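Numbers restart at 1 for each chain; the letters A, B, ... are given by sequence-line order, proteins then strands. Nothing here was measured: the structure is a model prediction, and the numbers come from that model.
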Amino acid sequence: MFIREDNKMRYGIDLEKKADELEFDIEEVEMLLSLFYNSSKKSLFLLKEAVGESDFDKIALYSHAIKGSSGNLMLNDIYNLSKEIEQSAKSKLDIDYMSKYMELSSMVNEIIL
Amino acid sequence: MKSVVKYVGVVLLVEDDESSRLFMRFIFEAFGLEVDMAKDGLEALKKFNSKRYDIIFMDENMPNMGGIEATRKIIEIENSNKLEHTPIIALSGNTQESDKKRFLEAGADEHLGKPIFKDTLIKCLDKVLKIKC
């Protein structure tokens, strides 16, 4: 766990390392992670509904949204899993989408603690 | 974000995802560019009709009006009003050749696959914008 000195927010990833990796300032990374977290939570909610309805188009749509923004931030585990879900749904593969959703949800939840 | 590369120009960034918009804005601003943003194709058309841009970055999948349709409409506006062409750079997480082809056929000048990397953007901007020394 990584905590800012001012104790404002607790992050599951090292902000300084991420800032170096992206060549951004720490404040910018914080803003980006916070936005990513909030938008991904919305997409995850919709993804869970789509999985419950076995709606492949919607599963692909919402996992695609998470894939795009996680890729920019080099959140590679989230990017790879959302890409796997999207591609499986596009190919209408019969995989266990609910367990993939839970795994993805857990990864996103670890960003801000 | 700091950048040694500086450009002169005004960018219209069309992207529905808020975190992706901010990510791109940080990069463009570090490059010294002025950035206007639109959340979908409809908003992009409104902005395009009211201001001249040096370059447009256009996402593909957006609500209300997607990037391919918005690109097609911008080209129509340019042609019917005999306007100078504004370069349109397609942004897409769909990196298959067919997706790229659809965007280019609609009138986009370049296609960049997501995720976007700074070096890729620099190469793209080098082709279109003036570099400030």
Quick check on [X]: does its [atom1] atom have over 12 non-hydrogen neighbours (other residues, nucleotides or ligands) under 6.0 Å away?
| X | atom1 | answer |
| --- | --- | --- |
| A:Lys17 | NZ | no |
| A:Met31 | CE | no |
| A:Lys58 | NZ | no |
| B:Glu78 | CD | yes |
| A:Asp94 | CG | no |

Just do the side-chain contact (heavy atoms from CB on, under 4.5 Å) check on B:Phe117 and A:Met74 with the steps written out, would you? CA-CA 10 Å; B:Phe117 298 105; A:Met74 294 184 180; 3.8 Å; yes
With only heavy atoms counted, which part of [X] is less than 4.5 Å from chain B, the side chain, the backbone, both or neither?
| X | answer |
| --- | --- |
| A:Ser69 | both |
| A:Tyr79 | side chain |
| A:Lys90 | side chain |

Between [X] and [Y], is there a shared hydrophobic cluster once you connect ILVMFWY residues whose side-chain heavy atoms come closer than 4.5 Å?
| X | Y | value |
| --- | --- | --- |
| A:Val51 | A:Leu81 | yes |
| B:Val14 | B:Val35 | no |
| A:Ile112 | A:Leu104 | yes |
| B:Leu12 | B:Met58 | yes |

Among B:Ala30, B:Pro115, B:Gly93, which has the most heavy-atom pairs under 4.5 Å with chain A? B:Pro115
Atom [atom1] of [X] and atom [atom2] of [Y]: how far apart are they, to the nearest 0.5 Å?
| X | Y | atom1 | atom2 | value |
| --- | --- | --- | --- | --- |
| B:Ser19 | A:Leu73 | OG | CG | 6.0 Å |
| A:Leu35 | B:Leu22 | CG | CG | 5.5 Å |
| B:Glu60 | A:His64 | CD | NE2 | 7.0 Å |
| B:Arg25 | A:Glu28 | CZ | CD | 9.0 Å |
| A:Ser43 | B:Asp17 | OG | CG | 7.5 Å |

Please classify the contact between B:Asp16 and chain A as side chain, backbone, both or neither, with a heavy-atom cut-off of under 4.5 Å. neither
Just do the side-chain contact (heavy atoms from CB on, under 4.5 Å) check on B:Phe26 and A:Leu32 with the steps written out, would you? CA-CA 10 Å; B:Phe26 284 152; A:Leu32 288 166; 3.9 Å; yes
Please report the closest heavy-atom contact between B:Phe23 and A:Asn72, naming both atoms and the distance. CE1-O, 3.3 Å
